[in-house]
Asker: 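Below you'll find the structure I mean.
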Amino acid sequence: MPTRHPLRLAIVTTMLAFTVPASANPDPSDWQSVVAQAEGQTVYWNAWGGDTRTNRYIDWVAEQMQAQYGVDVEHVKLDDTGSALARVLAEKQAGNHTEGSIDLIWINGENFAAMRESDLLFGPFAESLPHFALTNAADNPEVVTDFTLPTEGYESPWGKAQITFFYDSAQTETPPQNMQALLAWAKANPGQFSYPRIPDFTGSTFLKQALIELTDQEEALYQPVSESDFEAVTKPLWAYLDALHPHLWRSGRTFPDSGPNLRTLMSDGELSLAFSFYPTDAAVAVMEYELPESVRSYVLEGGTLGNVHFVAIPYNSPHKAGAMVLANFLLSPEAQAQKQSLAMWGDRSVLDIDQLDAENQALFEQGDRHPSELPADALSNTLPEPHPSWMTALQNAWLERYGVN
Amino acid sequence: MLRLAPALIIALLVLPVGAGLMMVLLPAFGYLPTLGGHGASLAPWQMLFAQPGLGRSVMVSFASGLVSTAVALVIVVLFLAASRGTWLDRGMRRLVSPLLAIPHAAIAFGFAFLIAPSGLVARLISPSLTGWERPLDMLIINDPWGFSLMAGLVLKEVPFLLLMSLAALPQLAPEKRLMLARSLGYSPTIGWLKTVLPSLYPLIRLPVYAVIAYATSVVDMALILGPKLPPTLSVSILGWFNDPDISQRFMASAAAVLQLGVTVAALLCWWLLEQLIRSLTRYWLINGSRQRGEIILRLVGRSALLFSSITALAALVGLGLFSLAGFWRFPEVLPQMLTLDHWQRSGPMLATPLINTALIGLVSTVLATALVLATLENEHRQHIQPKRALWLLYLPLLVPQIAFLFGLIVAAESLGIRPQLGLVISGHLLFVLPYVYLSLAETYRQLDPRWLKVARSLGVSRSSAFWRVRLPLLLAPLLTAFAVGLAVSIGQYLPTQLLGAGRVTTVTTEAVALASGSNRRLIGVWALVQAGLPLIGFMLALGLPRLLGTHRRDLAT
Amino acid sequence: MTASFCAPLRLEQVSIALAGRELLVVDATISSGEVLTVMGPSGSGKSTLLAYIAGFLDREFTASGGVWLGERNLLSLPAEQRNIGLLFQDPLLFPHLSVGGNLRFGLPRHQKDKRQQVTQALEQVGLAGFESRDPATLSGGQQSRVALMRLLLSKPRTVLLDEPFSKLDTALRQEMRTLVFSQLREAGLPTLLVTHDHEDANAAGGPVIELG
């Protein structure tokens, strides 16, 4: 053991002094220093990777981030957002509070609620992002509300989804416009409709959509489920499903895996009517040869469930500055316009476009509408998401009833 | 150094599995301080047993393991008995390695498309024979009792068991036994079953056990082909571990322990069946019956394996068609147009995953092969019988991945080991090493010791004899083992995804992520890439010996 | 080739036992160019005797006694330094090497004229020009002759033969006996032959030890 030289000790202390602030959490209100700190960081962005168009958009974002901010963005492709949550939890369990493997997660709904509840998220940061103002949150509360829960700055909005139905106009002339019409249509066209197996996200959304329309206690859905009589509120839903299931694909004895799987089954000619969370999904599938050109999109007459999806930063991310700069870039008019264009992805913007200056508004102008795409004003009637506790309660009740055939 | 090899291997394999299991056992009994679980409790188990359909999940997992293994084993055994020396035999020997190389998920996707009501088979006979203009609304894949899952498993297990049997057979001198039996008036198939099989089975017993363990806990195939209401136990567990409702982790851990129990129960059940069959056939072996059943056994033996191999290949062809398909309406047999779009779009994304896949596969297989060779050479030099402790080597194959991988992450994180390439490689080593050992050990031990005696009597030292005589003589089995190792590594999903925190992307992780988007055209592209890589490995393994020893006839086998 | 002289091989009270049961005891000296034949049925331990001398004794056997080549204590040396040539029932030509490669395998590393020695050796046994042949394409007799030459080229100081003719057909067997014994005698090598065939012993022409 060499003797401790005072100079060496001084060097070590100085080095420590320099390294400590780097690992401490950046202050979102001092944006200049956040941007400075972000430069050279590698941000691991965990996002569902099941769609090449999404993946392509994220690739584009990564290029821009490198060029504009010197931040390296790595897309960690997930098959299930829950696995990112499980990862952060495992890290916390093992005492890894500063060196987490995830810097940004694409998230919303029950995953967000769960991470907030277990203190797995960093924040508040979202409202300090310079571009956040462009969402005009005062008039658009959905960008700060996630399944009725206030986001409180722990996640930043970046896209919008809304349940959209699609059908093959060569085979069906008048698609059903509400739940009762859907039941009648299914009876007339047995085996040609289905919804994803619960607890799939899109499948669960179908349950909520049906419940909102069928129940006479709609307002109860926007409170925690424990505050109402679950049996009474959901009774009409189960009666409806009991009637519907025998007429579903495979007589309801099995269900498709996921939302995208509905599209594949339609492509195979097994389903004639399907739905997706992405309004542009059908048009994209036609462009990619998955669906015939005769496919058309529409929204139920009473409106459909819509929600905003967000990005959040885990509490133990070592690159929070980089993650915030990325979240801010995702909110820029440039990135939002790219995302919305059908050629890139076709995911709707969370910005209040009418409030943008003329130059930025021009970015959002699209070419001709694809024939399989929704009409421009079709999404005006968006139903808000119920409280996240309803999702879990509905899933459990569904599995209890229909989980074993 | 050499003497440390067995201990090193066992430490490398047993410690991670043990640590992983421990980190799953604790929460299973209520201990998980992060989530406020501090004491011992049976609540996770009560919650687990209250899950709807748990009994059926367990039954399907248990049954699919036993049934698929039994069917695959019968197919392989009857094939070997009935096809010796035929063109079929020679053809299958060439085909077996490429078939083994096709990853499970790829086979499952292809097979599902083959047999679905809107699949390739239905299209071939529609509407001409059936009159179907629309696909029939018929529950074939995802059937509640897992028959389509079992069929898919059989497709993958047959080539593996066949390869293992072919590796073990030469040391039994089957031709001599058969010649003797036939001279005593036995027909060939019956003679083989009575004289060769009883010695062959003990040699392939371990691979059979590995197959049972795998089949009872398989995730990827069960996701695609297995039942949905409820799914198999392993699929349910994956869902619970990833559930947004974090408190489900207690139950998920309990279920992981239950999965281990199901696998162990299936193995025990198989062992009991072995005993039963042994005592039931004891009399049959010596009852003197020489001909009875010959024709039917021969027929089944030749056709069943041919059928399963053709099915597997047809599944690949279906995937290939989809990777090139434009719009493809039922009941058309071929797509309306072919396009390279899907390949072109995937092209730029292929580079990094391909490099990672090759790197991880090569490094883990080289390490595994070196360790296995060191262990076997040590065993040879010390003149020791294979130690009982070496059974532990198979632990990672017998303990379901889903039962210890989630715990392993926590263990690694606790030790400050962060997800990275190195961790992924050592994770692959867990599964590659036992398979390399499985493929190599018997041939290694059976090499005629006189070769080395001659070499040393000619003045060559031990280590020099190892390099100059043993390795060249074992080149063919060595390369096969290497290729098996590569195929195993390339097929790994959960270990890669979990230990690399998703940062280390391989062809397989990309394929699975894309599969969640259900775009069959892209799945076709990636599954073919995934199947192509190990195929290249196998082709090199088959071709290299010919290149290195072009004119050496006795080395070819 | 002129007859050369080698140190004698001495077996001092060599005794071999299996599980405490004594199989054999041999005490003999084999001088240069002499062939000692040990005869016995299978299981009598005669092959184990060879394994002991050559340094490959299985652990299940216990053995005692001294093995000396002149003044060298062979038992203290690793197998490859004992300079003992071995011939088995099978010629055991390495299948991954050509005929020439097999012969060169036995030649000491830093030797001049390797190629010439190999050519000469092949000529000597009537296989001129066989260098690049695959051993698998040779007849049984040809393979045995290559194996013999491989042994001789490695310059052993003593030779152990383990029933080397038992797998050959009758005509060939006589021919090989003559060839092997004349070559070994010419090289002046002390040779130990184990066999169960009296004709082998007769052809060897040396002393014979019969085991129980």
Side-chain angles (χ1 to χ4, degrees), chain A residues 44 46 48-52 55 74 76-80 82-87 89-96 99 101-102 109-111 113-114 117-118 190-191 197 199 249-251 253-255 257-258 260-261 263-264 267-270 288-292 392 399-400 402-405, chain B residues 32-35 52-53 56 116-118 134-135 137-139 142-144 223 227-230 239 241-246 249 325-330 339 341 345-346 349 406 409-414 416 418-419 497 501-503 505 509-510 512-522:
Chain A
Y44 289 95
N46 286 42
W48 184 67
D51 178 31
T52 45
N55 297 348
E74 295 287 337
V76 176
K77 299 191 182 81
L78 303 179
D79 62 334
D80 179 353
S83 63
L85 193 164
R87 177 94 219 170
L89 187 66
E91 287 168 357
K92 185 170 186 186
Q93 190 183 340
N96 175 2
E99 290 292 310
S101 58
I102 302 175
E110 46 178 351
N111 282 312
E117 197 179 340
S118 305
R197 185 181 81 87
W249 178 73
R250 306 285 183 258
S251 311
R253 290 170 63 210
T254 191
F255 289 81
D257 280 326
S258 63
N261 198 206
R263 194 185 62 220
T264 307
S267 169
D268 286 340
E270 302 217 0
E288 295 183 355
Y289 313 107
E290 275 201 276
L291 292 177
T392 318
L399 286 170
E400 197 78 42
Y402 308 113
V404 185
N405 74 25
Chain B
L32 184 60
T34 333
L35 294 182
R56 177 100 70 82
S118 55
R134 289 189 64 94
D137 187 14
M138 211 162 66
L139 188 56
N142 310 126
D143 62 290
L223 271 172
K228 302 277 168 194
L229 299 176
F241 267 117
N242 288 337
D243 199 287
D245 180 1
I246 292 176
R249 286 189 70 94
F327 184 62
W328 192 1
R329 189 188 285 274
F330 187 86
T339 167
D341 272 18
R345 262 193 300 145
S346 306
M349 302 175 190
F406 284 96
I409 296 176
V410 180
E413 284 285 346
S414 308
R418 304 285 176 248
Q497 186 72 8
R503 293 177 176 191
T505 55
T509 61
E510 294 286 291
V512 173
L514 274 175
S516 68
S518 220
N519 182 334
R520 208 187 275 136
R521 288 159 178 80
L522 288 173

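The figures that follow rest on heavy atoms only: side chains count, while hydrogens, waters and symmetry mates do not. Every chain is numbered from 1 and lettered A, B, ... according to where its sequence line falls, protein lines coming before strand lines. Keep in mind that this is a model prediction, so the values were computed, not measured.
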Asker: Can you tell me if B:R520 uses its side chain to pair, donor with acceptor, with the backbone of A:S267 under 3.5 Å?
Answerer: no
Asker: Does any heavy atom of chain B fall under 4.5 Å from the side chain of A:E270, the backbone, both, or neither of them?
Answerer: both
Asker: Go through the atoms of A:L85 and report whether side chain, backbone, both or neither lie under 4.5 Å from a heavy atom of chain B.
Answerer: side chain
Asker: Side chain, backbone, both or neither: which part of A:N261 has an atom under 4.5 Å from a heavy atom of chain B?
Answerer: both
Asker: Mind checking side-chain hydrogen bond (donor to acceptor under 3.5 Å, both in side chains) for B:W328 and listing every partner two or more places apart, or none if nothing turns up?
Answerer: none
Asker: What part of B:N142 lies closer than 4.5 angstrom to a heavy atom of chain A: side chain, backbone, both or neither?
Answerer: both
Asker: Identify which part of A:S83 has an atom lying under 4.5 Å from any heavy atom of chain B, answering side chain, backbone, both or neither.
Answerer: both
Asker: Mind checking what makes side chain to side chain contact (heavy atoms under 4.5 Å, CB included) contact with B:Q497, not counting sequence neighbours?
Answerer: A:L78, B:Y493, B:T509
Asker: Of the backbone (N, CA, C, O) and the side chain (C-beta and beyond), which part of A:S258 lies under 4.5 Å from a heavy atom of chain B, both, or neither?
Answerer: side chain
Asker: Could you check which of A:A90, A:S101, A:A86 has the highest count of heavy-atom pairs closer than 4.5 Å to chain B?
Answerer: A:S101
Asker: What part of A:R87 gets closer than 4.5 Å to chain B, counting heavy atoms only: side chain, backbone, both or neither?
Answerer: side chain
Asker: So what's closer than 4.5 Å to chain B heavy atoms on A:E117: side chain, backbone, both or neither?
Answerer: neither
Asker: With a 4.5 angstrom heavy-atom cut-off, is it the side chain or the backbone of A:F255 that approaches chain B, or both, or neither?
Answerer: both
Asker: Would you call A:E290 and A:R263 a salt bridge, using N to O less than 4.0 angstrom?
Answerer: yes
Asker: Pick one of side chain, backbone, both or neither for A:R253, based on which atoms fall under 4.5 Å of a heavy atom in chain B.
Answerer: both
